[in-house]
A.B. asks: 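Take a look at the following structure, please.
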There are 2 protein chains.
Amino acid sequence: MTSDSIARIRRFNRAVTTETGALDSSFLGRGRPLGVARVLNAVGHGMTDVAEIRDYLGLDSGLLSRILRSLEGEGLITTAPSADDARRRVATLTEAGAQEYQAYEDLSDAQAQNILNRHPKPQALLAAMDLVASALGRDRIDIRECDPAGEDAIYCFNLYFAELSRRFEEGYDAVKAGPPDADQMRRPKGAFFIAYSDGLPIGCVILKGYGRDWAEIKRLWVADSARGLGLAHRLMAAAEDAALSLGITTLRLDTNHRLPEAIAMYRKTGWYEIPRFNDDPYPDHFFEKKLG
Amino acid sequence: MTSDSIARIRRFNRAVTTETGALDSSFLGRGRPLGVARVLNAVGHGMTDVAEIRDYLGLDSGLLSRILRSLEGEGLITTAPSADDARRRVATLTEAGAQEYQAYEDLSDAQAQNILNRHPKPQALLAAMDLVASALGRDRIDIRECDPAGEDAIYCFNLYFAELSRRFEEGYDAVKAGPPDADQMRRPKGAFFIAYSDGLPIGCVILKGYGRDWAEIKRLWVADSARGLGLAHRLMAAAEDAALSLGITTLRLDTNHRLPEAIAMYRKTGWYEIPRFNDDPYPDHFFEKKLG
DNA sequence: GCAGATATCTGACTTATGTCAGCTATCTTC
DNA sequence: GAAGATAGCTGACATAAGTCAGATATCTGC
């Protein structure tokens, strides 16, 4: 069984490296070496700081310098000293550079679309890819404080609501839970965090504050494909850190018996059950935790 | 939805290329450039013919020549003119080469094992990897005529029986279906085919002959992860070709109503239903097809 | 303002990889 | 056995990628 498993993983590696050789070569086909294309891509993704690019792509200082010069020579980027530290340099796309970047994006998109079109069960394929990507990329999952009214936040909330609808016998209607107040999820009252894996949101948590010394944890969500990787713990830790930094000493949350893994996790991490503290129709379990 | 799908595929590509950069570098760490290691690997996998290696790895004739020379210099391989065409050369591993090849294999295995160990749901991860690998590698699925008593054949049969057990209400007992007669699955009576995706068996079919002008199709199996890729058609085509080359003009098969996709496929590809022609307890549908 | 740290750049070098034309030995066909 | 095809080898060259030791400008802490 184990040796069969290893054979399967190795087959996967072969299949994927062969294919992603082709995927990477979508960066080619525009008459530019891979290294140069990768840097252009990094700048296009908003990585302007030279040091940041170097770090992200793992390039030598001298090598990156030459690549930047080459992109400048092509008229695709301009570099200038950073405003707050003249030793540092920042790179920005020129108009031609933005066009070229977009051309690479379009190529990548077309490539991805092609894989989808050729598969009989695209949804199953996507789910499998998500699972694999989360597993392989678990060390690269990062949790960022985000705008609770942003596009990614809405993406997370919709998946969270969909999950609740599946779990609850009676379904779930986001409207009944009351309208959200984004200010309560933003500093100085509260905070909002999204967990990203290579740019895809795969989890979130709200710290909903009222300007008092207690706050609520809401909408703790982890994507199916990322379950079991300890992401819920990390999100909760981020929320608790934020709470402490806002002078909040007590957290509360409500939940439902149809979410037993969550309840088990709360009990294991210092939460204790308390009486109902709101009249929300969905929750039937209420927890509290003292911080600090 | 579509643009979300594309984002997910691209995230997958990023995650996997980053990780498989690490995977490929397991080929490194032994003080040998990737190209050289790949050739050593190809020879270790039984690719002795120089032209075959060149084709498989997509290398330039001159480049491969130099790499072979370098491996010879290290004492890992020997090359000699081919017995039946002295222009061609064949490469073989020396003892030191076999050891070095094994060292690479062990590294790859350890790397794969490591991925498994770190995941909370290894079986789900493997299933997802299989699905992705079959999808990406569908152009590289090849069907080979194999020994029906070999290790891979037994692997396929076990998965086939497991599938039937799941499908049939009353389960499935391979013993009741009668003992296999390997000679009937080998030329000149019959034939046996396995579909391989990067070395992993993902489908099979038996052409079971009796030295007469009709034969039976048995154990047509396609792995879950490879459904929908047209593999059953390709396996059947291989079996039909083999039948024609053996002078067989009529094929028969039996199946069960719990395998509706298979029955639908038979009806669409020239098979017509006939009365029961054996007393096997499991089948309840019987088909025939005229070839040529 | 000075010492030491930091960020980037330049030049000189190496290695890996790929390309191509021409060479030699061998095979196939007539 | 001669003509042309084929397989692999060699030499000459090109490019991509990476390494490393200074050089230069700037920042930070004292």
Side-chain angles (χ1 to χ4, degrees), chain A residues 17-18 21-22 24-43 47-74 76-92 104, chain B residues 17-18 21-22 24-43 47-74 76-92 104:
Chain A
T17 45
T18 314
D24 268 354
S25 70
S26 74
F27 284 108
L28 299 166
R30 293 192 69 78
R32 206 166 280 119
L34 182 61
V36 179
R38 291 211 306 158
V39 171
L40 180 63
N41 235 264
V43 178
M47 251 168 270
T48 53
D49 221 89
V50 170
E52 192 187 1
I53 299 170
R54 199 170 46 224
D55 210 50
Y56 176 67
L57 297 178
L59 292 174
D60 174 83
S61 157
L63 182 52
L64 176 58
S65 188
R66 257 178 285 267
I67 290 175
L68 287 174
R69 214 73 338 109
S70 141
L71 283 168
E72 256 180 332
E74 282 192 87
L76 300 179
I77 64 166
T78 55
T79 62
S82 161
D84 45 289
D85 183 343
R87 289 172 307 178
R88 293 168 158 271
R89 309 211 98 204
V90 288
T92 34
Y104 280 113
Chain B
T17 45
T18 313
D24 268 356
S25 71
S26 74
F27 284 108
L28 300 166
R30 292 192 68 80
R32 206 167 280 118
L34 183 61
V36 179
R38 291 211 308 158
V39 172
L40 180 63
N41 235 265
V43 178
M47 250 168 271
T48 52
D49 222 87
V50 170
E52 192 187 0
I53 299 170
R54 197 170 46 223
D55 210 50
Y56 176 68
L57 298 178
L59 293 173
D60 173 82
S61 157
L63 182 53
L64 176 57
S65 190
R66 258 178 283 267
I67 290 175
L68 288 174
R69 215 73 336 108
S70 139
L71 283 169
E72 257 180 331
E74 282 192 86
L76 300 179
I77 63 167
T78 54
T79 60
S82 161
D84 47 287
D85 183 342
R87 288 172 308 182
R88 295 168 155 269
R89 310 210 96 204
V90 289
T92 35
Y104 280 113

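Chain identifiers are assigned alphabetically (A, B, ...) following the order of the sequence lines, protein sequences preceding nucleic acid strands; residue numbering begins at 1 within each chain.
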A.B. asks: Over how many whole Å does the gap from B:I53 atom CD1 to D:dA7 atom P extend?
C.D. replies: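 Roughly 15 Å, once rounded to whole Å.
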
A.B. asks: Taking 4.0 Å as the cut-off, does a side-chain nitrogen or oxygen of B:R54 come that near to OP1 or OP2 on D:dG8?
C.D. replies: yes

A.B. asks: With side chain to side chain contact (heavy atoms under 4.5 Å, CB included) as the criterion, how do A:T79 and A:V50 come out once you've worked through the C-alpha distance, each side chain's angles and the decisive distance to 0.1 Å?
C.D. replies: CA-CA 9 Å; A:T79 62; A:V50 170; 5.6 Å; no

A.B. asks: Walk me through it: do A:L59 and A:V39 pass the test side chain to side chain contact (heavy atoms under 4.5 Å, CB included)?
C.D. replies: CA-CA 10 Å; A:L59 292 174; A:V39 171; 4.0 Å; yes

A.B. asks: In whole Å, I'd like the distance from the CZ atom of B:R87 to the P atom of C:dA25.
C.D. replies: 14 Å

A.B. asks: For A:D84 and C:dA7, give me the distance from atom CG to atom P, rounded to whole Å.
C.D. replies: 13 Å

A.B. asks: So, taking the atom named CZ in B:R38 and the one named CD1 in B:I53, what distance separates them when rounded to the nearest 0.5 Å?
C.D. replies: 12.0 Å

A.B. asks: Given pairs defined as Watson-Crick or G-U wobble with both distances under 3.5 Å, what dot-bracket annotation applies to DNA chain D, with ( ) intrastrand, [ ] crossing, | other strand and . unpaired?
C.D. replies: ||||||||||||||||||||||||||||||

A.B. asks: Sort and list the pairs that fulfil salt bridge (Lys or Arg N to Asp or Glu O under 4.0 Å) and have at least one residue in residues 50-68 of chain A, not counting sequence neighbours.
C.D. replies: none

A.B. asks: List the steps, then state whether side chain to side chain contact (heavy atoms under 4.5 Å, CB included) holds for B:L76 with B:V43.
C.D. replies: CA-CA 10 Å; B:L76 300 179; B:V43 178; over 6 Å; no

A.B. asks: Rounded at 0.5 Å granularity, tell me how far CG in B:L64 sits from CG in B:L71.
C.D. replies: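 Interatomic distance, B:L64 CG to B:L71 CG, rounded to 0.5 Å: 9.5 Å.
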
A.B. asks: For B:T79 and for A:G58, locate the closest nucleotide of DNA chain D by heavy-atom distance; then report the residue assigned to the nucleotide nearer the 5' terminus.
C.D. replies: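 This one resolves to B:T79.
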
A.B. asks: Atom CD of A:E52 to atom P of C:dT6: distance rounded to whole Å?
C.D. replies: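 Whole-Å distance recorded here is 19 Å.
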
A.B. asks: Roughly how far, to the nearest 0.5 Å, is the CD1 atom of A:I67 from the CZ atom of A:R69?
C.D. replies: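 Rounded to the nearest 0.5 Å, the CZ-CD1 separation comes out at 11.0 Å.
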
A.B. asks: Using the side-chain heavy atoms of B:D49, tell me which of these nucleotides is nearest: C:dT8, D:dG8, C:dT17.
C.D. replies: D:dG8

A.B. asks: A:L59 side chain: which of D:dT26, D:dA17, D:dG18 is closest?
C.D. replies: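 The answer is D:dG18.
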
A.B. asks: Stepwise, does the side chain to side chain contact (heavy atoms under 4.5 Å, CB included) test hold for B:L40 with B:E74?
C.D. replies: CA-CA 11 Å; B:L40 180 63; B:E74 282 192 86; over 6 Å; no

A.B. asks: Which residues within residues 60-70 of chain B lie with some heavy atom under 4.0 Å of an atom in DNA chain D?
C.D. replies: B:S61, B:G62, B:S65, B:R66, B:R69

A.B. asks: So which nucleotide from D:dG8, C:dT8, C:dA16 ends up closest to the side chain of B:P33?
C.D. replies: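 Among D:dG8, C:dT8, C:dA16, the one nearest the side chain of B:P33 is C:dA16.
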
A.B. asks: Send over the distance from B:R32 CZ to C:dT15 C1', rounded to a whole Å.
C.D. replies: 16 Å

A.B. asks: Which whole-number value in Å describes the distance from A:D85 CG to D:dG29 P?
C.D. replies: 12 Å

A.B. asks: How long is the gap from CD1 on A:I77 to OG1 on A:T48, to the nearest 0.5 Å?
C.D. replies: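 A:I77 atom CD1 to A:T48 atom OG1 measures 11.0 Å (nearest 0.5 Å).
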
A.B. asks: To the nearest angstrom, how far is A:L34 atom CG from C:dG18 atom P?
C.D. replies: 13 Å

